[in-house]
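Right, one structure below, let's go through it.
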Amino acid sequence: MASAKDYKKYTFTDFLSDEDFVQSIVSPTEESRTKWKTLIDAGEVNIDEYTDAVLILMGWKDTQDAPTDADLDALWNRIETTIISSEEKATSRKHLWVRAAAVTSAIAAAIAIVLMLLPREQGTGQNTLNIAPGYLVRTMEQSDDKVVITTDKMEMYLEGSNPDISYDPNGVLSVNNIVAESLSETEGAAETDWSEEMLTSESAEQLCNIIVPYGKTASLTLSDGSFLRINAGTTVRFPSSFLTDKRKIYVDGEIYLEVVHDNRPFIVQAKEMEVLVKGTCFDVCSYDNDDYSNVVLVNGRVDVSYKGSNITLTPRQGFFATAEGTSVKVVDTDFYTSWINGIYKFKNESIEKVLVKLARFYNVTLVLPQEESGITCYGSLELKNDLSTILTGLMQIASFNFAVKDGAYFIQWNEKK
Amino acid sequence: MKDVLQGIYNEYAKDLFRYGLSICQDKSIVEDAIQDLFLYLHNHYATFAKAEDTKKYLFASLRNRVFKAMKKKPVFFNIPPATASTVETAEEKMIIDERTRREKVMVKEMLSNLSPRQREVIYLRFSEQMSYKEIASFLSIEPQSAQNLFGRAIDKLRSKLLLMRNINDYL
């Protein structure tokens, strides 16, 4: 193919929009290789833009390694089985598989929760990106910037930075005291009649998720009257009404919880930790991408089970689990629950932990030196100020510097004198 | 009948799978959608047989199913496929050094952070090598919109790449 194109003037976008170029990288031939090599050697190509374009295509190609042949075979077996069973059962029973499909996806959803609660392996966390040896970038990135409520039938995006969500005893949802009965189901006209099937087969608890992005918080009243404050960057999963003999919710992140007493136990599951409650106020902090979890009890009684061991907490006690082990300490609960009033209090806390919490709250990217600062601090910050003001204040008590570049906050420890 | 479907499966399953994964990174959703699609083909073969363009029909049906399933089920986790040690082609060797190796990993991560529609259009351009006109007719949008969608996705990748480099330089 004659190249009348002037690759010297090509930009990154031009390259990636050029079908010849894309094809020669995605499925190279001897001919295309020679062509590009000759062009490059002759200086006929804008090499910086070319290199970046190649990089993007290579990265793209790497994502195309799935599915494997084994994946494909397994999937065909699944399909074959369902086809055979649908052939065996005459047309009147056609719905049966459809129902089976609904069950399959329910199982998939359950697996998703389990995955969500499993701690990520060290180093594979999405939010930790090793940029250069010696530095750690925490990108506090989430796809949406609104609080979201989802069920398997709908999703709802909420405005405002601290929406008040509540379920009445019948499981009816209100947001900021407005009943959301007009909530349209996003289910469109289905091509099969399975949506009806699914509705009628649903006598079980309807699970809801509330996803609070970084930079937001939310309040939630459950159908039993229990009250939650949900901190930034947290997902909570719970039934719209509790229909079984226990009340169970799942948490990835941080919540403060006031449980209403009734004869059914209340269980909070977070990562590998399970907290059993009987009428209590407490704070659970367990982010999947943090290597620590803790439960702090304000009043009442809770049982914490963690990796097979059981611990009972009495008021003002905290349970702390880190990579090194677990401990129970008497704490000033205010330090753990002050965030519900928009104040962040901390005592003998490492400056890194404080900064990560702030980055989460303000939804910014934080770049920390990987080397530990060894600085611990004590203080109380009002989270309504802007982050730069807060950091400037923090610099008074802890010896570090920060710079903002392209929306990312870069931290540097000062040399110790 | 089953053999006919198996033939279709053998020919298109890999592309369907990849296309599905470009929209939705949750493999179980894509698998369920493909299974559902083939059962639908089995039960409504006549409709399918009338389709002019088999691949287009399959892609469009899968697309509807995947988007529908994603609406119902929030995707909690977003783990890019494990880095396979792929054999490097001559083009790669030309540019490969430690930095590019690292940046390639970054690109994969950036791709997984694009929106489903952006990843989809990238897939259609890069892997299916469709023209904007073909993409436009497939997605029922204007060719200009297809081009914009692709352009924005590419710009986003570029600016992220530059940002990451800036961070590196700053450090």
Side-chain angles (χ1 to χ4, degrees), chain A residues 12-13 16-17 19 22-23 25-26 28 33 36 51-52 54-67 71-72 75-76 78-80 82-83 86 94 97 101 104-105 108-109 111-112 115-116 126 129 131-132 135 137 141 150 152-153 155 186 188 209 211 235 367 405-406 408 410, chain B residues 2 5-6 9 13-14 17-18 21 26-29 31-32 34-36 38-39 42-43 69 71-74 76-81 83-84 86 89-92 95 100 103-104 106-109 111 113 122 125-127 129 131 150-151 154-155 157-158 161 163-164 166-168 170-171:
Chain A
F12 173 79
T13 313
L16 288 177
S17 308
E19 276 149 47
V22 171
Q23 191 160 14
I25 303 297
V26 175
R33 278 191 190 124
W36 283 99
T51 314
D52 276 0
V54 172
L55 185 69
I56 297 288
L57 276 174
M58 291 301 167
W60 171 256
K61 241 177 107 174
D62 273 6
T63 64
Q64 300 292 299
D65 48 15
D71 286 337
L72 291 173
L75 183 55
W76 174 253
R78 257 173 69 181
I79 293 170
E80 199 173 20
T82 50
I83 290 176
S86 88
K94 220 184 258 175
W97 180 83
T104 315
S105 66
I111 293 166
L115 278 179
M116 181 183 80
Q126 270 273 292
L129 178 66
I131 275 266
Y135 286 89
V137 180
E141 195 170 33
T150 68
D152 56 1
K153 286 203 221 66
E155 59 191 51
T186 48
N209 302 288
I211 302 159
T235 300
V367 185
K405 194 158 183 255
D406 299 320
F410 293 79
Chain B
K2 210 183 78 205
L5 286 179
Q6 187 162 15
Y9 184 86
K14 201 164 192 165
F17 217 120
R18 282 184 181 158
L21 285 176
D26 184 340
K27 206 165 142 189
S28 69
I29 288 187
E31 286 174 342
D32 286 352
I34 296 177
Q35 176 178 5
D36 183 36
F38 275 84
L39 196 84
H42 177 262
N43 294 338
K71 261 189 195 163
K72 279 189 198 145
K73 175 181 158 188
F76 284 112
F77 53 97
N78 173 14
I79 304 158
T83 329
T86 40
T89 60
E91 286 73 18
E92 282 183 277
I95 60 158
T100 29
E103 289 187 338
K104 216 167 95 177
M106 273 163 29
V107 169
K108 276 178 82 169
E109 177 142 342
L111 283 165
N113 282 328
I122 287 185
R125 282 289 293 169
F126 288 173
S127 298
Q129 297 180 10
S131 68
F150 178 75
I154 293 296
D155 287 348
L157 289 175
R158 185 78 194 280
L161 191 66
L163 170 68
M164 287 306 177
N166 274 341
I167 293 177
N168 260 334
Y170 173 89
L171 300 174

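Letters A, B, ... mirror the listed sequences (proteins, then strands); counts begin at 1. Please read all numbers here as calculations on a predicted model, not as lab measurements.
Across all their heavy atoms, B:Lys108 and A:Gly59 have their closest contact at CG-O, 3.5 Å.
Residues forming a side chain to side chain contact (heavy atoms under 4.5 Å, CB included) with A:Ser17 (at least two apart in sequence, or on another chain): A:Thr13, B:Arg125, B:Tyr132, B:Phe150. For B:Arg158, the salt bridge (charged side-chain N to carboxylate O under 4.0 Å, His left out) partners at least two apart in sequence or on another chain are A:Glu49, A:Asp52.
Contact count against chain A (heavy-atom pairs under 4.5 Å) is highest for B:Ile122 among B:Leu157, B:Ile122, B:Asp155.
Only the side chain of B:Leu161 comes within contact range of chain A, with heavy atoms under 4.5 Å apart. Only the side chain of A:Val26 comes within less than 4.5 Å of a heavy atom in chain B; its backbone stays farther off. Proximity to chain A involves both the backbone and the side chain of B:Glu31, based on heavy atoms less than 4.5 angstrom apart. Using a 4.5 Å cut-off between heavy atoms, B:Ile154 contacts chain A through both its backbone and its side chain. Contacts of B:Tyr9 with chain A are made by side-chain atoms alone, with heavy-atom separations under 4.5 Å and no backbone atom involved.
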Please test B:Lys14 against A:Asp71 for salt bridge (charged side-chain N to carboxylate O under 4.0 Å, His left out), starting from the C-alpha separation and ending with a verdict.
CA-CA 10 Å; B:Lys14 201 164 192 165; A:Asp71 286 337; over 6 Å; no
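The shortest side-chain heavy-atom distance between A:Leu75 and B:Phe38 does not fall under the 4.5 Å cut-off.
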